[in-house]
J.: 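Handing you a structure now.
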Amino acid sequence: MEGSLLIKKMSSTTSPSKKQRDLFHVVHKVPYGDSPYVRAKHAQLVEKDPEAAIVLFWKAINAGDRVESALKDMAVVMKQVDRSEEAIEAIKSFRGRCPKSAQESLDNVLIDLYKKCGRIEEQVELLKRKLRMIYQGEAFNGKPTKTARSHGKKFQVSVQQETSRLLGNLGWAYMQQKNYMAAEVVYRKAQMIEADANKACNLGFCLIKQGRYREARCVIEEVVEGRVAGSDDYRTKQRAEELVMEAIREEDNSELVALEDEFVKWAPFRSRRLPIFEEISSLRNQLVC
């Protein structure tokens, strides 16, 4: 009887500390244990020491401790401290140690790093390769959906959603290269698959850059009028309104330039100086004297 009471007393005193430890791991989203990877996550999320976290992530990779997670997490931390070029080389060097199922997510990290470093050509090539995999049925390991994670939450992504996302990224990359015709084609494909307000604004911008102002207004006004998914976002709607005004302004300017060119073409030749200067030009010598 006394033994059972002692056990109950001990459990009552030890259980709160276990609950506190569990709560700590839940709140800070760090795994259990004392491995290099666990210590790296602790340095990253609890101590907020990115440089120490990078060192520990390297140790985890070299020790074979959760290599896939360590490599992706290290790349994210490196990007935060402006070491994106190192992160790119790390992924290229060690992705061979990761399983086939991890390669798509590593590609997504690489795309983000290429964008950060301004390595647009490499970004374009990788995006094209990922799109080819989708068209050939090789993406998502042959499944119609995959589990993705954002801000610690898991959600399902369909092949259709992934295609639209990749096309949007490819359109943005073409825009950085000022290849607005290619960007237009890509954004139109993306909108056909899954329309959203941000891509509509980018499509309108590409049309403005090609001098197709009325087409641009038709596309962007759908965002202003709230007829596209994501139109309720304040910043997106504000951008759409600014693009509409830019399209109107550029169209007015182009019409004015065309009118001036037409006038110069058909008007009889005469001096471009104002009449008053033509009248006094003959008296110039006298004025000098």
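Start at 1 with the first residue, then count along the sequence. Values below: all heavy atoms of this structure, side chains included; hydrogens, waters and symmetry mates excluded.
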J.: Is the NZ atom of Lys146 crowded by more than 12 outside heavy atoms at less than 6.0 Å?
T.: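 More than 12 within 6.0 Å, yes.
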J.: Which distance, rounded to the nearest 0.5 Å, do you find between the CD1 of Ile91 and the CE of Met78?
T.: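 Output value for this atom pair is 9.5 Å.
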J.: Can you tell me if Gln103 uses its side chain to pair, donor with acceptor, with the backbone of Arg95 under 3.5 Å?
T.: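 Side chain of Gln103 to backbone of Arg95: a pair is present.
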J.: Counting C-beta onward and ignoring hydrogens, is there a side-chain heavy-atom pair between Ile54 and Val81 closer than 4.5 Å?
T.: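 Of all side-chain heavy-atom pairs linking Val81 with Ile54, at least one is under 4.5 Å.
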J.: Could you grab the distance from atom CG of Leu131 to atom CG of Leu167, nearest 0.5 Å is fine?
T.: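 Result: 5.0 Å between the selected atoms.
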J.: For the residue pair Tyr37 and Phe57, does the interplanar ring angle fall in the parallel (under 30°), tilted (30 to 60°) or perpendicular (over 60°) class?
T.: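 If you compare the ring of Tyr37 with that of Phe57, the planes turn out tilted.
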J.: Are any of the side-chain nitrogens in Lys199 or Glu194 under 4.0 Å away from the carboxylate oxygens of its partner?
T.: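 Looking at Lys199 and Glu194, the cut-off is not met.
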J.: Just to verify, what does Phe94 make a ring-ring contact (aromatic ring centres under 6.0 Å, His included) with, not counting sequence neighbours?
T.: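 Counting only residues at least two positions away or on another chain, Phe94 forms a ring-ring contact (aromatic ring centres under 6.0 Å, His included) with Trp58.
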J.: Could you check whether Lys237 and Ser231, counting side-chain N and O atoms only, form a donor-acceptor pair closer than 3.5 Å?
T.: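 No, no side-chain donor-acceptor pair sits under 3.5 Å.
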J.: Verify the cluster assignment for Leu203 and Val224: are they in a single hydrophobic cluster under the rule of side-chain heavy atoms below 4.5 Å apart?
T.: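 Linked, Leu203 and Val224 end up in one cluster.
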J.: A side-chain contact here means heavy atoms from C-beta on lying under 4.5 Å apart; do Arg119 and Glu85 qualify?
T.: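 Yes, their side chains come closer than 4.5 Å.
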J.: Please check if Leu126 and Val159 belong to a single hydrophobic cluster, counting links between Ile, Leu, Val, Met, Phe, Trp and Tyr side chain heavy atoms closer than 4.5 Å.
T.: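 They do share one cluster, since a chain of ILVMFWY contacts under 4.5 Å joins Leu126 to Val159.
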J.: Looking at side-chain heavy atoms only, is the closest gap between Ile220 and Ile208 below 4.5 Å?
T.: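 Result yes, sub-4.5 Å side-chain heavy-atom pair found.
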J.: Which heavy atom in Thr145 sits nearest to a heavy atom in Ser158, and how many Å separate them?
T.: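 Shortest heavy-atom separation between Thr145 and Ser158 comes out as CG2-CA, 4.0 Å.
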J.: Taking atom CZ of Arg132 and atom CD1 of Ile134, what is their separation to the nearest 0.5 Å?
T.: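 So the CZ of Arg132 and the CD1 of Ile134 are separated by 12.0 Å.
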J.: Looking at Ala40 and Ala53, what are the two nearest heavy atoms and their distance?
T.: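 In this case the closest contact between Ala40 and Ala53 is O-CB, 3.7 Å.
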J.: For residues Met192 and Val185: do they belong to one hydrophobic cluster (side chain heavy atoms under 4.5 Å, members Ile, Leu, Val, Met, Phe, Trp, Tyr)?
T.: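 No, Met192 and Val185 fall in different hydrophobic clusters.
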J.: Same hydrophobic cluster for Val55 and Met74, using side-chain heavy-atom links shorter than 4.5 Å among ILVMFWY?
T.: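 No; tracing contacts between hydrophobic side chains, which count when under 4.5 Å, never links both residues.
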J.: Testing the basics here: between Val219 and Gly204, what is the closest heavy-atom pair and its distance to 0.1 Å?
T.: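 Scanning both residues, the minimum pair turns out to be CG1-N, 4.3 Å.
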J.: Distance from Asp65 atom CG to Ser35 atom OG, nearest 0.5 Å?
T.: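 Output value for this atom pair is 4.0 Å.
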J.: Could you check whether any side-chain N or O of Tyr187 sits under 3.5 Å from a backbone N or O of Trp172, counting only pairs where one atom can act as donor and the other as acceptor?
T.: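 Yes, the answer is positive, given that a donor and an acceptor are paired below the 3.5 Å cut-off.
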J.: Within the side chain of Gln191, is there an N or O that forms a donor-acceptor pair under 3.5 Å with the backbone of Asp196?
T.: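 Yes, because the side chain of Gln191 sits within donor-acceptor range (under 3.5 Å) of the backbone of Asp196.
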J.: Look up atom CD in Glu68 and atom CG in Asp73, then write down how far apart they are to the nearest 0.5 Å.
T.: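 Separation between the atoms: 10.0 Å.
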J.: If we count only N and O atoms by modelled type, under 3.5 Å, do the side chains of Asn198 and Thr236 hold a donor and an acceptor together?
T.: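 On atom types as modelled, these side chains do not qualify, holding no pair under 3.5 Å.
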J.: Report yes if some heavy atom in the side chain of Asp107 is under 4.5 Å from a heavy atom in the side chain of Arg129; otherwise report no.
T.: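 A side-chain contact under 4.5 Å exists here.
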J.: Quick one about Arg239 and Asn202 (side-chain donor to acceptor, distance below 3.5 Å, no hydrogens or angles considered), yes or no?
T.: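 Yes, side-chain donor-acceptor contact under 3.5 Å.
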J.: Keeping the roles fixed (side chain from Glu125, backbone from Glu121), state whether a donor-acceptor pair exists under 3.5 Å.
T.: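 No, the answer is negative, given that no donor and acceptor are paired below the 3.5 Å cut-off.
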J.: Can you name the closest pair of heavy atoms from Leu71 and Ala90 and give their distance?
T.: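 Closest approach of Leu71 to Ala90, heavy atoms only: CD1-O, 3.8 Å.
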J.: I would like to know whether Glu138 and Lys100 meet salt bridge (charged side-chain N to carboxylate O under 4.0 Å, His left out); could you show each step before the answer?
T.: CA-CA 12 Å; Glu138 299 174 3; Lys100 184 179 179 182; over 6 Å; no
J.: Are Val77 and Leu106 in one and the same hydrophobic cluster, where Ile, Leu, Val, Met, Phe, Trp and Tyr link if side-chain heavy atoms are under 4.5 Å apart?
T.: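 The answer is yes; both residues are in one hydrophobic cluster.
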J.: Quick one: are Val124 and Ile120 in side-chain contact, heavy atoms under 4.5 Å?
T.: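 They are in side-chain contact.
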J.: Take a 6.0 Å sphere around CD of Gln156 and say whether it holds more than 12 heavy atoms from other residues, nucleotides or ligands.
T.: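 Enclosed.
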J.: Heavy-atom distance under 4.5 Å between the side chains of Asn169 and Tyr114, does that happen here?
T.: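 The answer is no, as the side chains (C-beta and beyond) never meet within the 4.5 Å cut-off.
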J.: Would a 4.5 Å heavy-atom cut-off, applied to side chains only, mark Asn108 and Lys130 as touching?
T.: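 Of all side-chain heavy-atom pairs linking Lys130 with Asn108, at least one is under 4.5 Å.
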J.: What's the spacing between Asp49 CG and His42 NE2 if we round to 0.5 Å?
T.: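 The NE2 atom of His42 is 11.5 Å from CG of Asp49, to the nearest 0.5 Å.
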J.: I'd like a table of donor-acceptor pairs (distance under 3.5 Å, sequence neighbours excluded) in which one partner is a side-chain atom from residues 241-248, with atom names and distances.
T.:
none

J.: If I compare all heavy atoms of Glu184 with all of Gln210, which pair ends up nearest, and what's the gap?
T.: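 The answer is OE1-NE2, 3.1 Å.
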J.: Kindly give the cluster partners of Val228, where membership spreads through any ILVMFWY side chain lying under 4.5 Å from a current member.
T.: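 Result for Val228 is Val223.
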J.: With a 4.5 Å heavy-atom cut-off, do Gln123 and Leu170 have their side chains touching?
T.: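 With C-beta onward as the side chain, the pair stays apart.
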J.: Would you confirm whether Ser105, through its side chain, and Ala102, through its main-chain N or O, come within 3.5 Å as a donor-acceptor pair?
T.: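 Side chain of Ser105 to backbone of Ala102, a donor-acceptor pair under 3.5 Å: yes, one is there.
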J.: Quick check: closest heavy atoms across Ala240 and Cys201, and the distance to 0.1 Å?
T.: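 Shortest heavy-atom separation between Ala240 and Cys201 comes out as CB-SG, 3.8 Å.
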